[in-house]
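Heads up: the structure comes next, in structure tokens.
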Amino acid sequence: MAAVKLPDGRELTVEPGEKAREVAERIGKRLARDAVVAKLDGRVVDLDAPVDGGGLFEVVTRDSDEGLEVLRHSTAHAMAQAIMELYPESKLTIGPPIENGFFYDIEVDGKISDDDLPAIEEKMREVVARDLPIVREAVSKAEAEELYKDNPYKMEIVEALEDGDITIYRQGEFFDLCRGPHVPSTGALGAFKLQNIAGAYWRGDEKNPMLTRIYGTAWGSEKELKAYLRRLEEARARDHRKVGKDLKLFTFSPDVGAGIPLFLPKGEMLRHLMEGYVREVQTRHGYDHVWTGNIANETLYTKSGHLEHYREDMFPPMVDGETRIRLKPMNCPSHMTLFNTEAHSYRELPIRYAEFSTLYRYEKSGQLTGLTRVRALTQDDAHVFCTEDQVQEEFARALEIIREVLDTYGFEDYKVRLSLRDRGSDKYVADDEKWTRAEEALRQALDAAGIAYEPVEGEAAFYGPKADFMAKDVLGREWQLSTIQVDFIQPARLGCEYIGEDGEAHTPVLLHRAVTGTTERFMAVLIEQYGGAFPLWLSPVQAVVIPVADRHLPYAREVQSKLAGDGLRVEVDDSQNSMQKKIRENARQKVPYLLIVGDNEAGEGSVNVRKRGEKNQEAVEVEAFMRQAQEEISARGPRGRD
RNA sequence: GCCUGAGUAGCUCAGUGGUAGAGCAGCCGCCUUGUAAGCGGCAGGUCGGGGGUUCGAAUCCCUUCUCAGGCUCCA
């Protein structure tokens, strides 16, 4: 008689051939009802699978991550069935579960659009109502080939599989080549909603045919589905494109060009503050700021190798007689040129050049998105020329800057992806010893800083290993912001040298690093992180003085000039609106402080402070407000939000 | 670049073959206000651009520009 072990340590004897579902029922009725699949020694299996004992037996319920994944996968099948019934000549390809839902890529018989989604959803509900048992079936390769003789996509998948390792899942008339596992019947699906239709190339390759991808979301209960849809709503309300328009930060115009953001006064103030902050931190950490303009001779990029490796992402050249000029896509060649303007001794190293100039990259038109993907972008870029021995220390220094800045902005949850070479591959530049040392240096620096990192082999740049910072915003979305890269290659190509202790010429190692990445993308992330309610130090307008009646305007201006004299960014709302409306409008602009002034305030030299997000008011002396605001600004806190 | 969809007043949107609309913003008046919309009036459009179908086009077709969501999460 075989036995299984339960997660709580108990042992349970199982009959030969007893199914997972039956074992679950013996553990508990309620558990069996919530069960989606089971796990045997960590391997996920259908509830219909026999439990032959021996290992750890776990029941996976629909509220666990794994259970949800199965639920979503099964929902994808239900959608595929619905589509096959509505558009019978369609060809299925792949339909995996994804974060929050699922998709299915289908070569649809005919044309479908978003308007057809409700009908498909309706058909899916029919499939659910039929409560068809979902049955796993092992098939031979030959059988699979026969089943899919009219479907080249599935055929391609079958061809790649080992005979004896092929299964299909059936539910009623419908079947799909699938590894599984799945919920026991179509009636066991949870709450779902089809979301949108998109095109997707077969296997993601633009040389392949375009398939129709339908995205859906699926959850264990109606309540969870609703909560998810509400989260989506909230995210939309924070969308930087919407907030940027509402708060008059930036705009785009086809007259100027796609992917070229135009910053309005408040947006430019925000840029200025963001860059000023990074500049201050960098200066404190020994970086020097330089400026190398926006265009460069094409020959520079021939030397650096960019023209060869990066041509597609560069704007076409401007031709001036014999000379070809390019918009600058990266700063590194320019910084190396600066380095080469004089001879260097090892005593001068490290040399750290930082720059905020705008770069131009010819992103494909379909890739452009708000501020997160633009053609004119401003990196907070820096290049550190150092000796090999200094790599670890300089890496640690860059790390420190990045941590300080991310902390200030409230990105407390981030991880590092340490991209290493794939030892088997030859696409990386040789010199094994250098690589090993560099990788080791990066690991040690990360360990010393106590930062969790995930090493990923084969993701390194061709010129060296790198560490990318993945930060999570308040909505739980992950962004790649900061990066630190070690470069063994380019300095030699551009002829960078320093004279070492030994009197010989050596090639320095180059560290490329960016703190916030690009000002544009980081601004987008910040707008969404704060929902437009920036902390005081970062607010384009820090306070608006609102006179109760027109006769208080002179006092309002007096207050404004006092505060402005103290360096605060203050406006007076002298519009013809009522006081109530001024409060409403300025509150909607997320101004941190509204200062109401009327007879009382003018009489005693005070302001009535209404803080963003708070309704209670407080009368304070102008000087006291100034002190308090300055304190808040220099602490770069408290965090924004409303 | 490709797929699907969208583009109407500064903004948000209604209008599906028969005289281009609303709210907000703007301008002009009145009101002089005590903590999230005071009242009245006026003005505002090549319906993204170009071409076509039609007696007639915001509406149908073609084309072009811009925007949105996608385009390896690998059965």
With a 3.5 Å limit on both atom pairs, tell me what [N] is paired to, counting Watson-Crick and G-U wobble, or say none.
N	result
rG40(B)	rC28(B)
rC47(B)	none
rU12(B)	rA22(B)
rU54(B)	none
rU66(B)	rA6(B)
rU35(B)	none

Can you tell me how far [atom2] of [N] sits from [atom1] of [X], to the nearest Å?
X	N	atom1	atom2	answer
Met155(A)	rA75(B)	CE	P	17 Å
Leu211(A)	rA75(B)	CG	P	15 Å
Ile546(A)	rG34(B)	CD1	C1'	11 Å
Leu594(A)	rA37(B)	CG	P	13 Å
Phe102(A)	rA75(B)	CZ	P	17 Å
Glu145(A)	rA75(B)	CD	P	17 Å
Gln171(A)	rA75(B)	CD	P	18 Å
Ile214(A)	rG5(B)	CD1	P	13 Å

Inset, instruction - Assess the side chains of Tyr104(A) and Asp176(A): does a donor N or O sit below 3.5 Å from an acceptor N or O? - result: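 Per modelled atom types, Tyr104(A) and Asp176(A) side chains form a pair under 3.5 Å.
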[Y] backbone acceptor or donor facing [X] side chain under 3.5 Å:
X	Y	value
Thr369(A)	Thr372(A)	no
Tyr148(A)	Leu177(A)	yes
Glu528(A)	His240(A)	yes
Glu601(A)	Gly598(A)	yes
Arg203(A)	Asn208(A)	no
Arg569(A)	Pro540(A)	yes

Inset, instruction - Evaluate the side chain to side chain donor-acceptor pair (under 3.5 Å) criterion for residues Thr378(A) and Glu520(A): first the C-alpha distance (whole Å), next the side-chain angles of each, then the deciding distance (0.1 Å), finally the verdict. - result: CA-CA 7 Å; Thr378(A) 311; Glu520(A) 291 78 9; 2.8 Å; yes
Inset, instruction - Would you indicate, yes or no, if rA37(B) has its OP1 or OP2 atom less than 4.0 angstrom from a side-chain nitrogen or oxygen of Arg584(A)? - result: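 So the side-chain polar atoms of Arg584(A) never come under 4.0 Å of the phosphate oxygens OP1 or OP2 of rA37(B).
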Legend entry - Centroid-centroid distance, Phe625(A) to Tyr593(A), less than 6.0 Å: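 So the answer is yes for these two rings.
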Inset, instruction - Would you confirm whether the ring centroid of Trp219(A) sits within less than 6.0 angstrom of the ring centroid of Phe192(A)? - result: no
Inset, instruction - List in numerical order all residues of residues 601-610 of chain A for which some heavy atom is under 4.0 Å away from an atom belonging to RNA chain B. - result: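 Heavy-atom contacts with RNA chain B come from Glu601(A), Asn608(A), Arg610(A).
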Inset, instruction - Determine the minimum heavy-atom distance between Pro133(A) and Ser185(A), stating which atoms define it. - result: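 For Pro133(A) and Ser185(A), the tightest heavy-atom pair comes out as CA-CB, 3.9 Å.
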Inset, instruction - Mind listing the closest non-hydrogen atom pair of Phe250(A) and Ile527(A) along with its distance? - result: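 The answer is CE2-CD1, 3.9 Å.
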[atom1] atoms of [N] and [M], separation to the nearest Å:
N	M	atom1	answer
rA9(B)	rA14(B)	P	12 Å
rG40(B)	rU4(B)	C1'	48 Å
rU8(B)	rA57(B)	C1'	14 Å
rG7(B)	rG17(B)	P	16 Å
rC28(B)	rA36(B)	C1'	26 Å
rA58(B)	rA43(B)	C1'	22 Å
rC3(B)	rC55(B)	P	34 Å
rC47(B)	rU19(B)	C1'	15 Å

Inset, instruction - Just call it for Lys582(A): base, sugar-phosphate, or nothing, with non-hydrogen atoms closer than 4.0 Å on any strand. - result: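 Nothing: the residue Lys582(A), judged by heavy atoms under 4.0 Å, touches no strand.
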Legend entry - Of the listed nucleotides rU35(B), rC24(B), rA36(B), the one nearest the side chain of Gln617(A):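 The answer is rU35(B).
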Legend entry - Nearest to side-chain heavy atoms of Ile98(A), which nucleotide of rA75(B), rC73(B), rA36(B): rC73(B)
Short N/O separations, protein against nucleotides 67-71 of chain B, under 3.5 angstrom:
residue, atom, partner, partner atom, Å
rA68(B), OP1, Arg241(A), NH1, 3.3
rA68(B), OP1, Gly370(A), N, 3.2
rA68(B), OP2, Leu368(A), O, 3.4
rA68(B), O3', Arg241(A), NH1, 3.3
rG69(B), OP1, Arg241(A), NH1, 3.1
rG69(B), OP1, Arg241(A), NH2, 2.8
rG69(B), OP2, Arg241(A), NH1, 3.4
rG69(B), O2', Asn196(A), ND2, 2.6
rG70(B), O3', Tyr215(A), OH, 2.9
rG70(B), N3, Gly199(A), O, 3.4
rC71(B), OP1, Tyr215(A), OH, 3.3
rC71(B), O4', Gly199(A), O, 3.2
rC71(B), O2', Tyr201(A), N, 3.0

Check residues 89-96 of chain A and write down every donor-acceptor pair under 3.5 Å in which the side-chain atom is one partner and the other belongs to a residue at least two apart or another chain.
residue, atom, partner, partner atom, Å
Ser90(A), OG, Tyr87(A), O, 2.8
Ser90(A), OG, Asp109(A), N, 3.0
Thr93(A), OG1, Asp105(A), O, 2.5

Inset, instruction - Evaluate whether atom CD of Glu173(A) has more than 12 neighbouring non-hydrogen atoms of other residues, nucleotides or ligands under 6.0 angstrom away. - result: no
Legend entry - Cation-aromatic face contact Arg136(A)/Tyr169(A), 6.0 Å, 45 degrees: no
Inset, instruction - Find out whether the Lys NZ or Arg CZ of Arg213(A) is both under 6.0 angstrom from the six-membered ring centre of Phe103(A) and within 45° of the ring's axis. - result: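 Judged by the rule, Arg213(A) and Phe103(A) form a cation-pi pair.
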For nucleotides 31-33 of chain B, which of its nitrogen or oxygen atoms have a protein nitrogen or oxygen under 3.5 Å away, and what is each distance?
residue, atom, partner, partner atom, Å
rU32(B), O2, Asp550(A), N, 3.1
rU32(B), N3, Asp550(A), OD2, 2.9
rU32(B), O4, Asp550(A), OD2, 3.2
rU33(B), OP2, Arg551(A), NH1, 3.3

For nucleotides 39-42 of chain B, list the nitrogen or oxygen atoms of the protein found under 3.5 Å from its nitrogen or oxygen atoms, one pair per line.
none

Legend entry - salt bridge (Lys or Arg N to Asp or Glu O under 4.0 Å), paired with Arg557(A), selected from Asp573(A), Asp574(A), Asp550(A): Asp574(A)
Inset, instruction - Please state whether the rings of Phe174(A) and His77(A) are parallel, tilted or perpendicular, taking 30° and 60° as the class boundaries. - result: perpendicular
Provide a list of protein-nucleic acid N or O atom pairs under 3.5 angstrom, restricted to nucleotides 6-14 of chain B.
residue, atom, partner, partner atom, Å
rU12(B), OP1, Lys245(A), NZ, 3.1

